[in-house]
Amino acid sequence: MSCVSVTAFLAIPEVRKKVLEAAENATGKALGEIANDGSITVLPSICLGLCDRAPAALINDDRVEGELTPERMRMILTELAEEEIKLSEKPDYQNIISMLTPQDAPAKPNEEVM
C-alpha cells in the first residue's frame, strides 16, 4: 500500500503518516490487518520508484498513485468501494452461461446418444 523506502519515508513523514491514517480509517483496517475475506488490506510496499512524488501507494496491485494527501487517499478508496458495489450488483454472466449450457452434451456433434 504505502511506500516505505528510506527516501520516501524521510521525505514528508507528517504527510505520509496522515495518508496512512486516512487509508486505515477509510478501510476500517489497521496497518497489517487483513479482512476476513481478504478483500481489504493496508500493507507497506517496497519501493515504487516514486520518491519524487512521495507519498505514494500501490493500489490493487495494478494502480500506482503519487503525491497523495489524506483527502486524495480517501477519495481513491471511496471510488474503489463504489466500483466494487456496482460490480457486485451486476449479474454474474459467466455463472448464468454455465447454468444454461447443457452439462451432458456429447463430445462430438454427430455422436449418437444411447
Side-chain angles (χ1 to χ4, degrees):
M1 193 323 293
S2 180
C3 185
V4 291
S5 68
V6 174
T7 310
F9 189 78
L10 296 175
I12 326 169
E14 309 83 35
V15 176
R16 184 188 156 281
K17 182 179 177 184
K18 290 179 181 178
V19 168
L20 181 58
E21 287 172 356
E24 291 174 329
N25 292 336
T27 61
K29 300 296 170 203
L31 182 64
E33 189 177 356
I34 302 172
N36 290 340
D37 63 0
S39 63
I40 299 173
T41 59
V42 178
L43 300 171
S45 174
I46 58 170
C47 179
L48 300 173
L50 293 172
C51 293
D52 61 325
R53 297 183 61 211
L58 175 65
I59 301 168
N60 283 347
D61 294 330
D62 63 359
R63 178 177 174 181
V64 179
E65 294 285 343
E67 299 174 1
L68 290 170
T69 62
E71 296 78 24
R72 195 151 167 259
M73 179 56 81
R74 280 190 290 273
M75 181 190 71
I76 291 167
L77 294 173
T78 299
E79 288 173 359
L80 285 173
E82 289 171 357
E83 288 173 16
E84 189 66 29
I85 289 169
K86 288 178 188 173
L87 287 174
S88 69
E89 292 172 351
K90 291 184 179 181
D92 181 359
Y93 292 108
Q94 288 300 99
N95 194 23
I96 293 170
I97 290 169
S98 68
M99 287 188 310
L100 297 175
T101 304
Q103 300 301 313
D104 298 326
K108 297 177 185 173
N110 295 331
E111 188 176 279
E112 288 186 31
V113 178
M114 294 185 179

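Positions are given from 1 along the sequence. All figures in this text were calculated on a predicted structure; none of them were measured in a lab.
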* Any chance you could lay out the side chain to side chain contact (heavy atoms under 4.5 Å, CB included) test for Leu48 and Arg53, step after step, and finish with the verdict? => CA-CA 10 Å; Leu48 300 173; Arg53 297 183 61 211; over 6 Å; no
All heavy atoms of Ala57 vs all of Leu68, minimum pair found to be CB-CD1, 3.6 Å
For side chain to side chain contact (heavy atoms under 4.5 Å, CB included), just list the numbers for Glu65 and Ile59, CA-CA rounded to whole Å, side-chain angles, deciding distance to a tenth of an Å, and then say yes or no. CA-CA 8 Å; Glu65 294 285 343; Ile59 301 168; 3.8 Å; yes
Same cluster for Met73 and Val15 if Ile/Leu/Val/Met/Phe/Trp/Tyr side chains link at under 4.5 Å? yes
Any donor-acceptor N/O pair, Thr41 side chain to Leu43 backbone, under 3.5 Å
no
query = Crowded around Asp62 CG? As in, over 12 foreign heavy atoms under 6.0 Å?
reply = yes
Between Glu71 and Met75, does a side chain to side chain contact (heavy atoms under 4.5 Å, CB included) hold up when you go through it step by step? CA-CA 6 Å; Glu71 296 78 24; Met75 181 190 71; over 6 Å; no
Rounded to the nearest 0.5 Å, the CG atom of Leu58 sits from the SG atom of Cys47 at a distance of 11.5 Å
Nearest heavy-atom contact between Arg72 and Glu67 is NH1-O, 3.6 Å
Smallest heavy-atom separation, Pro70 atom then Ala22 atom, equals O-CB, 3.6 Å
query = Is a side-chain donor or acceptor of Arg74 paired with a backbone partner of Thr69 at a separation under 3.5 angstrom?
reply = no
Shortest non-hydrogen pair, Leu77 vs Ala23, comes out as CD1-CA, 3.7 Å
Residues at least two apart in sequence or cross-chain that pass salt bridge (Lys or Arg N to Asp or Glu O under 4.0 Å) with Glu21, listed by chain then number, are none
Checklist entry - Are the side chain of Glu33 and the backbone of Ala30 linked by a donor-acceptor contact shorter than 3.5 Å? => result yes
Residues at least two apart in sequence or cross-chain that pass salt bridge (Lys or Arg N to Asp or Glu O under 4.0 Å) with Glu24, listed by chain then number, are none
(Q) Any heavy-atom pair between the side chains of Leu20 and Leu31 that's under 4.5 Å? (A) yes
